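To start, the structure itself, in structure tokens.
Predicted model, so just to flag it, every value in this text is computed and none were measured.
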Amino acid sequence: MVKVSLKGEVKEFESGITVAEIAKSIGMGLYKAACVGKIDGKVVDLRTPITADCEVEILTFEHPEGKKAYWHTTAHIMAQAVKHLFPNAAFAIGPAVENGFYYDIDLDRSLTPEDLPKIEAEMKKIIKENIPIERFELASDEARALMEKEHQIYKLELIDEHAGKGEKISFYQQGDYTDLCAGPHLISTGCVKAVKLTANTAAYWRGDSKNKMLQRLYGISFPKASELEEYLAKVEEAKKRDHNVLGRQLGYFTTCDLIGQGLPILLPNGARVIQILQRFVEDEEQKRGWQLTKTPYMAKSDLYKLSGHWDHYKDGMFVLGDEEKDSEVFALRPMTCPFQYQAYLNKNRSYRDLPLRYNETSTLFRNEASGEMHGLIRVRQFTISEGHLMCTPEQLESEFQGCLELAIFMLKTLGLYEDVSYRFSMWDPNDRTKYIGTEEQWNEAQGIMRKILNHLNIPFVEGIGEAAFYGPKLDIQIKNVFGKEDTLITIQIDQMLAEKFGMEYVDADGKKKNPYIIHRTSIGCYERTLALLIEKYAGALPMWLMPEQIRVLPISERLHTDADKVVKKLQAAGFRVTCDTRNEKIGYKIREAQLQKIPYMLIIGDKEAQENTVSVRSRKDGDIGSMPIDAFLAKATEQVATKAID
């Protein structure tokens, strides 16, 4: 007999009972909904036997790990369907991702949109057959023989990696399809109820452009058809909000093949919004004691070698020159920290100078992989609200809190606060080559950050291996309309680079010490923030941010002079306003202004001109009637001053 703890309640079962059988003993509803189990914290197949006392949890599709197994199983079903239709297909990897799954496939021809329904139909056949999914293990030589027989060259490469560690190789089999896989998986193909293939793109094997380009087939699946329908409806709504489409339509940005991928051109609307944001951020930072710097866009490789970026980040940099031939090699800056350190080193420092806060609106350059770039969210040249703060150990917590409060203030002002989550990004002690410093230094820095986050009641998840090479960080994460998560704002603790750069201060005891450094952004990357704002508000940004806030619409040519007077009065009050004097009907002008998301339209007819009023139309509330121009000015001024989110 074994004792099994289930949500704190201990039950006894015969040794060898499976997780699935335990689920069935609790109830058929749970058994049918179960995807995988968890034994003492480890996620396992439902078919896993239990032979010792343990704690067991049954995970359904509602649990992230249950969802992951559900989607990973569907990826295998998709691969089996592809194999039926294209027998010569070779498979790379097929993981579950944040919204569904994909499989990278090597085919002798490109898939077409007409192929996807055929693959989907074959998948539904496999699901209907309810094929059992079985796990087995082989020694590395047996595993190689099996995959060689199947002509699966990418699996052979993966086997070689695991064989070097002396591990047995695990496989999953469903009918005539066998795949190299760590699992876990559902019990059978019939557990999947609703499936849809969503996209076919391209990806290099292992994300390396030196490798072969593969076809990446995406899909999604759910336990209920209604859930799939709801998801697809959300995707359609997301497409309407996609900044990569809407931002171009509304004149925020464009791109040009002659300039290059990941190098967007900000059009007048986009440039204006980013200017407004930059001025707002810099003014707010000044109020909070930050001092503005302006540093070069490039530096000699010597600077990056000293900071460690040359060894740990060189592949992500744009290098100017040839190290083997040139006496000096430069690189465009991927971050500002080593530059601002030189400002600190400009003179001797005392503890009385600390905390010292430097901020900068920094243009940065990062050599992103072509497959990673998307609109304004991930680009190769971008502008960031960057800052570096030097402080004593005693000041560290309060200064970190100040950086976080600034970030939260920005998020709340922009209306993005409810959309973010927090990740405590830590080092991976099993991959020491990625980091500088000793284990003791990392444990100290991470211990300090954990204490601060707990003290501030910040709800975070841990990201092992996600730290910067010089220190742990708090990443404030946000998702775009398609569910892809990116980092918006980062706050990092660094106790290593000050020593490398010789940054010191004389403490109250007369001894020289290295300051702690906090790396932070207050609003993150401006281009990414603009993209997220376009998607959040479907292009209808809050009035204080809109590049055009008011449009004056005279109903006839004879009223152009009256309209011009209104425009000048609004401009004198600081509003961004235009006048539509085209020879078009007023209804046409209103519809066009609405499509361009203009917050207010002021219509001027004969009556309004005589009474010195305007007929006000709001993009949100429609026609709100006639009012004196001064009354409208007061209303609009308050809306902008309070940065209201309408």
Side-chain angles (χ1 to χ4, degrees), residues 250-252 266-284 286-287 413-415 530 533-534 537-646:
L250 294 175
Y252 283 94
L266 291 175
L267 299 173
N269 283 348
R272 180 65 67 196
V273 174
I274 286 183
Q275 181 191 56
I276 295 164
L277 286 171
Q278 287 180 4
R279 288 174 173 173
F280 167 60
V281 169
E282 289 180 358
D283 287 348
E284 186 62 35
Q286 183 176 339
K287 292 176 189 175
T413 303
L414 296 177
L530 174 58
L533 289 170
I534 291 170
Y537 298 108
L541 275 58
M543 185 183 177
W544 72 277
L545 278 174
M546 279 295 293
E548 183 182 350
Q549 297 168 311
I550 304 164
R551 186 171 293 179
V552 178
L553 307 176
I555 63 171
S556 67
E557 186 176 352
R558 67 178 180 276
L559 296 167
H560 286 183
T561 301
D562 299 281
D564 187 56
K565 291 178 183 177
V566 171
V567 168
K568 287 178 178 177
K569 186 163 188 172
L570 292 168
Q571 288 175 335
F575 289 99
R576 296 180 291 279
V577 55
T578 64
C579 185
D580 188 344
T581 58
R582 293 175 300 167
N583 186 24
E584 299 284 355
K585 292 183 178 179
I586 192 66
Y588 177 85
K589 293 181 180 181
I590 290 172
R591 284 193 298 275
E592 190 164 275
Q594 288 173 327
L595 288 172
Q596 293 173 10
K597 318 291 184 180
I598 309 302
Y600 287 106
M601 291 146 273
L602 303 186
I603 302 164
I604 298 177
D606 292 326
K607 182 181 178 183
E608 286 80 14
Q610 291 171 4
E611 298 177 355
N612 198 27
T613 61
V614 287
S615 180
V616 182
R617 188 174 185 87
S618 160
R619 71 180 176 194
K620 178 184 176 183
D621 300 318
D623 186 3
I624 57 178
S626 182
M627 64 178 70
I629 183 64
D630 288 338
F632 171 77
L633 261 176
K635 173 184 173 67
T637 299
E638 182 183 9
Q639 190 173 342
V640 171
T642 59
K643 294 182 172 57
I645 298 173
D646 54 329

side-chain hydrogen bond (donor to acceptor under 3.5 Å, both in side chains) partners for Y252, two or more places apart:
none
Find the distance between NZ (K620) and CE (M543) and round it off to the nearest 0.5 Å.
13.5 Å
Report the distance from atom CG of L559 to atom CG of L553, rounding to the nearest 0.5 Å.
12.0 Å
Minimal heavy-atom distance between I603 and E608, with the atoms involved, is O-CG, 3.8 Å
R617 side, atom CZ; R551 side, atom CZ - distance, nearest 0.5 Å
14.0 Å
Taken in chain and number order and not counting sequence neighbours, the residues that satisfy side-chain hydrogen bond (donor to acceptor under 3.5 Å, both in side chains) with D630 are K569
Under 4.0 Å between a side-chain nitrogen and a carboxylate oxygen: does that hold for D564 and K568?
yes
From the options L602, V552, I550, V566, select the one residue that forms a side chain to side chain contact (heavy atoms under 4.5 Å, CB included) with C579.
V552
What distance do M627 atom CE and E611 atom CD have between them, rounded to the nearest 0.5 Å?
13.5 Å
Which atom of L277 lies closest to which atom of L414, heavy atoms considered:
CD2-CD2, 3.8 Å
Is there a donor-acceptor pair closer than 3.5 Å between any side-chain N or O of K589 and the backbone N or O of P554?
yes
Could you state the interatomic distance from OG1 (T413) to CZ (F280), rounded to the nearest 0.5 Å?
4.5 Å
In short, W544 meets R576 closest at the heavy-atom pair O-NH2, 3.0 Å
For N612, enumerate each residue passing the side-chain contact (heavy atoms from CB on, under 4.5 Å) test, keeping only those at least two apart in sequence or located in another chain.
I629
Take atom CZ in R279; do more than 12 heavy atoms of anything else shown fall under 6.0 Å from it?
no
Quick one: which of I276, I274, V281 gives a side chain to side chain contact (heavy atoms under 4.5 Å, CB included) with Q278?
I274
Restricting to non-hydrogen atoms, name the atom on K597 and the atom on A540 that form the minimum distance, rounded to 0.1 Å.
CB-CA, 3.9 Å
Contacts of S556 that satisfy side-chain hydrogen bond (donor to acceptor under 3.5 Å, both in side chains) - sequence neighbours left out:
R558
Going by the rule side-chain hydrogen bond (donor to acceptor under 3.5 Å, both in side chains), which residues pair with T578 if we only count those two or more places apart in sequence or in a different chain?
E548
Spacing of NZ belonging to K607 relative to CD1 belonging to I604, to within rounding of 0.5 Å
14.5 Å
Nearest heavy-atom pair of D623 and S615: which atoms, and what distance?
OD1-OG, 4.3 Å
Taking all atoms of both residues into account, what is the closest heavy-atom pair of G574 and Q549, and its distance?
O-OE1, 4.4 Å
Is a donor from one side chain sitting under 3.5 angstrom from an acceptor on the other, for Q275 and R272?
yes
The complete set of side chain to side chain donor-acceptor pair (under 3.5 Å) pairs with one or both residues in residues 633-642, sequence neighbours excluded, reads Y600-Q639
